[in-house]
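The structure appears right after this line, and notes come after that.
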Amino acid sequence: MKHFKVFALRMFHYRVRVILALSLAVFSALGLGVGLLSLGPALSLILDPEAGHTLLELATTFNAEGHFLQIPEWLVNQLPGDRFDGVIFILVGIGCLTVVGGFANFMHQYLSAWIAVHVVANVRDESFKHVLGMELGRVLRSGASEFVSRIIRDTEALQAGLTVLMGKSVAQFTKGLVAFLVACVFDYRLVIIALLVLPILAFTLHRIGRKVRKGTRSSLAAQQELLRISNESVQGLRAVKVNTAEESVLESFSEVNQQVVRANMKVRIARALGSPLMEILAIVVLGTLAGIAAKSIIDGSLQFDMFLLSIGSLAVAGGSLRPLAGLVTELQASDAPAERLLEILHLPSEEETQQPDLDRHGDSIVFDSVSFSYSEEAEPALKNFSVTIPHGQRVAIVGPNGCGKTTLISLLPRLLVPQSGTIKIDGVDIAMVNLKSLRDQLGVVTQDTVLFRGSIESNIRFGRDASHDEVVKAATQAHADTFIHQIEGNYEAEVYEHGTSLSGGQRQRLAIARSLLRDPSVMIFDEATSQIDSESESLINTMLETFCEGRTVLLIAHRLSTVQTADRILVLDQGVLIGDGTHDELLTSCDLYRRLAETQLVTAKHEV
């Protein structure tokens with residue numbers, strides 16, 4: 001359980017609470033031990049009325065024998081001199097110990113739960129923060145559902161193990177240990193015989209634990225796949241319905257669901273074996289001890305009351321230790337989610353070391369022999385791309401689908417990292433600067449607008465600490481203020497998950513407003529006006545001409561009207577730069593651009 005141990009050690013971050021919880025568990029167990037030890041005098045008083053002794057006589061005799069531990073004199077003076085009063089005294093004492101021990105047990109369980117919950121909360125925060133800091137390509141390759149499943153489900157399974165370790169395991173173990181030591185006081189010979197079963201017990205638990213750990217890992221992996229199918233199907237429910245793919249999706253879901261069932265059943269069967277095996281071993285041990293004790297009693301070498309006390313203490317110890325079999329399997333099961341969480345935490349971040357901040361852009365952006373491929377087997381999405389963009393220039397990037405346009409603009413905010421070449425802003429390699437300072441200067445609007453559940457204002461303010469007036473100003477510049485005031489609640493109106501309560505054009509206007517609010521030095525538009533009507537696009541372009549003055553602008557667009565507003569146009573084909581110039585220059589010098597322009601010009605006429 002080396003993976004689980006890593007997180008278990010984190011409980012010592014709350015060292016004071018851990019020590020207090022363990023102390024309370026020991027105190028509660030000692031109360032049980034005192035109760036068991038007090039049964040000896042009680043039996044002497046009750047079962048042997050002729051030769052019995054009072055508590056005062058027993059305490060005095062005990063001190064006179066010169067034991068290492070002595071009963072304090074003040075306590076001896078308080079002991080009753082009557083045998084019946086002694087019985088009452090013992091019973092009341094046991095009752096008080098039970099109440100105090102019960103409170104100590106409650107506080108131990110509470111502190112254990114508190115520690116486990118807070119440790120896991122920190123692990124959950126750490127895992128989520130680490131995923132946010134990972135390279136985008138790595139997250140996309142694995143899929144969001146994998147990381148969500150590990151952050152939510154695996155931490156929950158880890159919490160169950162930590163709670164068992166600090167709570168039930170400690171409580172049961174300390175009580176069992178104290179009862180075992182009491183049994184040793186009464187008759188150590190029987191206890192030695194009971195210890196012979198420990199190797200068999202340890203071997204059995206180890207075998208069961210291996211099966212539980214393996215089954216739990218399979219179950220978590222299957223649940224992760226189930227989450228992926230569920231997310232894709234529900235989020236893409238429109239596509240599922242229009243393509244009448246309900247049966248196909250349901251079949252996939254049911255198949256993986258059965259994998260979850262099979263994996264869970266393997267774990268349950270392995271866990272269920274623990275308790276019966278423990279009970280069988282306990283019966284064998286107690287039967288053996290009873291036979292040996294009977295022979296000793298007949299031979300006169302063992303007193304009957306000592307035998308009862310020893311067997312009773314061993315029974316209490318067995319009752320306390322018996323649940324440990326199930327608890328051990330739970331701890332073994334927690335090793336699988338711990339391993340999966342450590343796999344996330346050990347993945348490299350996109351920024352491993354602290355880098356200097358990047359000053360606000362004011363000179364140029366240079367792509368120098370940049371090449372990028374999404375995998376070693378795939379064709380490069382960009383090949384030896386080189387271009388220099390002066391500050392304040394408005395550059396359009398055009399080309400057929402799959403030519404590398406989106407890949408190119410994803411390199412600037414370091415969402416993707418090129419395999420070769422460098423990208424410099426004002427002469428500084430962006431790979432050598434602080435990521436936050438780089439991205440703070442970029443305003444990015446994509447075709448696939450991402451909105452979150454919350455108010456319209458919170459979606460515009462997303463990632464920034466802006467006032468209401470600043471939000472309204474950005475929305476007005478993006479021509480979103482008009483439709484916002486037509487919605488009930490205005491800026492406080494609730495946006496559904498993924499922005500489904502708004503039209504595509506409305507979502508894009510909010511995304512533009514969000515980008516304008518950042519006051520970036522570089523604006524990046526990836527089909528940012530694709531879902532906006534021509535009239536609104538014209539208004540937004542007019543606004544952007546004013547707003548983007550003194551800012552560098554990179555835009556991807558398929559509408560000729562948008563491309564023509566650029567100071568410069570870059571033409572890409574299969575990741576290679578094949579054209580660089582103005583609209584008029586490229587019409588005569590670049591065949592691909594001419595074909596694209598003619599196609600878009602026809603589209604524009606149809607739109608009119």
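For reference, positions follow the sequence shown, starting with 1.
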Task: CG-CD distance between Leu347 and Glu135, expressed to the nearest 0.5 angstrom - done: 11.0 Å

TODO: Would you check if Arg514 and Asn459 make a side-chain contact, meaning some heavy-atom pair closer than 4.5 Å?
DONE: yes

Task: Derivation and outcome, side chain to side chain contact (heavy atoms under 4.5 Å, CB included), residues Ser254 and Leu250 - done: CA-CA 6 Å; Ser254 298; Leu250 181 59; 4.0 Å; yes

Task: Beyond-backbone contact of Leu345 with Ser127, side-chain heavy atoms, under 4.5 angstrom - done: yes

TODO: I would like to know whether Leu435 and Arg414 meet side chain to side chain contact (heavy atoms under 4.5 Å, CB included); could you show each step before the answer?
DONE: CA-CA 8 Å; Leu435 262 178; Arg414 281 173 55 186; 3.6 Å; yes

TODO: Please report the C-alpha distance between Leu517 and Val471 in whole Å, then the side-chain angles of each, then the deciding distance to 0.1 Å, and finally whether the side chain to side chain contact (heavy atoms under 4.5 Å, CB included) criterion is met.
DONE: CA-CA 7 Å; Leu517 186 63; Val471 171; 4.3 Å; yes

Open item on the list: Taking the side chain as everything from C-beta on, heavy atoms only, tell me whether Leu165 gets closer than 4.5 Å to Phe4.
Closed with: yes

Open item on the list: Does Phe128 have more than 12 heavy atoms from other residues, nucleotides or ligands lying within 6.0 Å of its CZ?
Closed with: no

- [ ] Mind telling me whether Trp114 and His118 have parallel, tilted or perpendicular rings, with 30° and 60° as the class edges?
- [x] parallel

- [ ] Search all heavy atoms of Thr155 against all heavy atoms of Ile152 and return the closest pair with its distance.
- [x] OG1-O, 3.0 Å

Task: Over all atoms of both residues, closest heavy-atom pair of Ser455 and Ser458 - done: O-OG, 2.8 Å

Open item on the list: Is there a side-chain contact between Ile487 and Ile456 in this structure, where contact means two heavy atoms from C-beta onward sitting under 4.5 Å apart?
Closed with: yes

- [ ] Drop me the distance from Phe12's CZ to Ile115's CD1, to the nearest 0.5 angstrom.
- [x] 9.0 Å

Task: Arg464 vs Asp440 side-chain heavy atoms within contact, under 4.5 Å - done: yes

Open item on the list: Any heavy-atom pair between the side chains of Arg10 and Asn122 that's under 4.5 Å?
Closed with: no

Task: From Ile19 atom CD1 to Leu111 atom CG, the distance as rounded to the nearest 0.5 Å - done: 12.0 Å

Task: Residues that Arg461 engages under side-chain hydrogen bond (donor to acceptor under 3.5 Å, both in side chains), provided they are two or more places apart - done: Glu457

Open item on the list: Looking at Ser112 and Met166, would you say the former's side chain and the latter's main chain have a donor-acceptor pair under 3.5 Å?
Closed with: yes

TODO: Decide if atom CD of Glu156 counts as having more than 12 heavy atoms of other residues, nucleotides or ligands within a radius under 6.0 Å.
DONE: no

Task: Residue pair Phe27 / Val100: nearest heavy atoms and the distance that separates them - done: CE2-CG1, 3.2 Å

Task: Worked check of side chain to side chain contact (heavy atoms under 4.5 Å, CB included) between His108 and Asn105 - done: CA-CA 5 Å; His108 163 245; Asn105 188 44; 4.2 Å; yes

Task: Heavy-atom pair with the smallest gap, counting every atom of Leu158 and Ala338 - done: CD1-CB, 4.1 Å

TODO: Hey, could you give me the OG/CZ distance between Ser334 and Phe7, rounded to the nearest 0.5 Å?
DONE: 11.5 Å

Open item on the list: Is any side-chain heavy atom of Phe147 closer than 4.5 Å to one of Ile344?
Closed with: yes

- [ ] Locate the shortest heavy-atom distance separating Leu502 from Arg507; write the atom from each residue and the value.
- [x] O-NH1, 2.7 Å

- [ ] Quick one: pull up CZ in Arg340 and CD1 in Ile151 and give me the separation to the nearest 0.5 Å.
- [x] 11.5 Å

TODO: Find the distance between OG (Ser515) and CG (Leu510) and round it off to the nearest 0.5 Å.
DONE: 12.5 Å

Open item on the list: Given 3.5 Å as the limit, does a donor-acceptor pair link the side chain of Glu470 with the main chain of Ser467, or not?
Closed with: yes

Task: Short N-O contact, Glu343 and Arg150, less than 4.0 angstrom - done: yes

Open item on the list: With a 4.5 Å cut-off on side-chain heavy atoms, are Gln355 and Lys436 touching?
Closed with: no

